[in-house]
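Please read the structure below before turning to the comments.
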Number of protein chains: 2
Amino acid sequence: MTGLQAPLARPRNGTAPSPDSAGEVLVARLAGFVPLSPDDRTALSQLARRETYVPAHMDLVHEGEATDSAFLVLEGIACRYVENAAGARQILALLLPGDLCDTDLGHLTQWDHGIAALSPCQVARVPRTKLEGLIATHPAVTQAFRLAKLEAEARSRNWLAALGICRATERLTRVLCEILDRLHAVGLSGPSDCPLPLTQMDLAECIGTSSVHVNRTLQELRRSGTMELKGGRLRILDRAGLEALNGHRRPPLPNV
Amino acid sequence: MTGLQAPLARPRNGTAPSPDSAGEVLVARLAGFVPLSPDDRTALSQLARRETYVPAHMDLVHEGEATDSAFLVLEGIACRYVENAAGARQILALLLPGDLCDTDLGHLTQWDHGIAALSPCQVARVPRTKLEGLIATHPAVTQAFRLAKLEAEARSRNWLAALGICRATERLTRVLCEILDRLHAVGLSGPSDCPLPLTQMDLAECIGTSSVHVNRTLQELRRSGTMELKGGRLRILDRAGLEALNGHRRPPLPNV
DNA sequence: CGGGCGATTGATGAACGTCAAACGACGTGG
DNA sequence: CCACGTCGTTTGACGTTCATCAATCGCCCG
């Protein structure tokens, strides 16, 4: 998976990135929830100003550290994570282009997890005051943010359930399908094919296994002809086959 | 653990429960976040009207079903859960007395998980309109709800991380300590001793293992002298010993 | 060309699931 | 009062899933 890292961003026309294109991905994401007026769209584009480059493996927020700004992911993949005393890391959620990652803990207590770039990222720091101003004046945007948050919570529940119930094969296919579907939703990939700049170790920390086991599981998936992860690209070849693969050890129904 | 089910509620003076006592536990919970005025307190007590009894294992909200009211748990233990096609169940979060469980999905999509009583419960259904009325008029209560939600999210992240990183022993001790601490926080137990009306199967569905393994893990904990779960009561005898138990297989620090 | 990172492979063992049986504490109906 | 059924706990035997350790390989980059 080394090299060949596709940028995980829209192809830009011309060599210089146009200043407007950065915010497009946020608009694309939120417009999936609520119709947005032209005014809403330009206001959202303002949030993507002040974008900064973040190399892979760099922390955006450390555990225990407070912040007064949110992050908007423009390119690349970041994550929320927790690390324990022994150095093991669990990834809680993936942050893909178009995701706005709030760092609000409402002064409840210490910030309890970290945020880090998994691949090289372009992010924009959005001061919370600016965010609140936007919310106060653009009800459609507010509603879209609310729905995006609810969706993130639903994904988190799904993730937790998968960790508790599913074997490694299904946990892995779920994560990979989730990434593809989310990228597809903001127009950054086709329906069955996307760049995937994650290492097998990253995937292992997503699904709570060792990287060795991820490797073997990926081989199993390749052999089954259902998906393929090679050279930094993910290809899902047979979605129906995936479900069959995951369900095919299912015991007969519990009773009656 | 059969029989001897302590009611998991404040001892009431006299035989007839006084109508006000029901809401006390909600006030106790929220007052832990924000100082509440007498007016706030009486308003909160109103929410506990219309309490209903729910037998163990009964669903409060089915997967896929929408609701226009929230639940307030007054007595007993309920949970959010997900069930897969094979009949396996993963518990996402525990709902203890004083917890207000919103069922708002904001019309995002279908309700994606279920809510069920694990032990016999007293719950109050709170119409969403009533809740919104309260929020509009009592800022301190609003802030307390917000903080309670943030705390629940933090717990959910912790839970997810534990599933991914920790062995069964630590996952189990974490859940048990969490229950004790939360009950203690609302005055329903001492600091090291509480009623625990859950089966080993329930605990298994919390930590993502089989009930057989929960049984053996509990025996290990009993033998170690750190905690004891017997006759529906949980006793934590040695918190420091617990951490030592969980960390005692810790490898030397990763690098340097 | 060497160095480093990540992918791959094999061998071994620990953690945990599954199945099946027995056991204990109830509550119920006779 | 006792026999019986139910539910939850406990135990043993066995198989699977997965972690761990260590070595190798491929690839890119300086």
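The chains referred to below are lettered A, B, ... by the order of the sequence lines, with proteins before strands, and numbering in each begins at 1.
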Whole-Å distance between [N] [atom2] and [X] [atom1]?
X      : N      : atom1 : atom2 : result
B/E205 : D/dG8  : CD    : C1'   : 14 Å
A/L221 : C/dA7  : CG    : P     : 15 Å
A/R222 : C/dT9  : CZ    : C1'   : 13 Å
A/R223 : C/dT9  : CZ    : C1'   : 12 Å
A/E220 : D/dC18 : CD    : C1'   : 13 Å
B/I165 : D/dA19 : CD1   : P     : 13 Å
A/K230 : D/dC27 : NZ    : P     : 12 Å
A/M201 : C/dT8  : CE    : P     : 16 Å

Counterpart residues, salt bridge (Lys or Arg N to Asp or Glu O under 4.0 Å), relative to B/R235 (two or more places apart): B/D193, B/E228
[N] phosphate, OP1 or OP2: any side-chain N/O from [X] under 4.0 angstrom?
X      : N      : answer
B/N215 : D/dT9  : no
B/Q200 : D/dT10 : yes
A/Q219 : C/dT9  : yes

Gap separating the OG1 atom of A/T173 from the CD atom of A/E220, nearest 0.5 angstrom: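 These two atoms lie 9.5 Å from each other.
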Nearest-0.5 Å distance, CG of residue B/L160 to CZ of residue A/R157: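 It is 12.5 Å, given to the nearest 0.5 Å.
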Verdict with reasoning, A/C101 to A/R80, per side chain to side chain contact (heavy atoms under 4.5 Å, CB included): CA-CA 9 Å; A/C101 162; A/R80 298 177 187 265; 3.5 Å; yes
Look for any protein N or O under 3.5 Å of an N or O in nucleotides 16-22 of chain C and output each such pair with its distance, or none.
from, atom 1, to, atom 2, distance (Å)
C/dC16, OP1, B/A168, N, 2.9
C/dC16, OP2, B/H213, NE2, 3.1
C/dC16, O5', B/H213, NE2, 3.4
C/dG17, OP1, B/S210, N, 3.0
C/dG17, OP2, B/S210, N, 3.1
C/dG17, OP2, B/S210, OG, 3.0

Residues B/R239, B/E243: salt bridge by 4.0 Å N-O rule: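 The answer is no: the pair does not qualify as a salt bridge.
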Pair B/E151 + B/R182, salt bridge at N-O below 4.0 Å: no
CA sep, side-chain torsions, deciding dist, call: B/W159, A/L163, side chain to side chain contact (heavy atoms under 4.5 Å, CB included): CA-CA 10 Å; B/W159 199 304; A/L163 275 182; over 6 Å; no
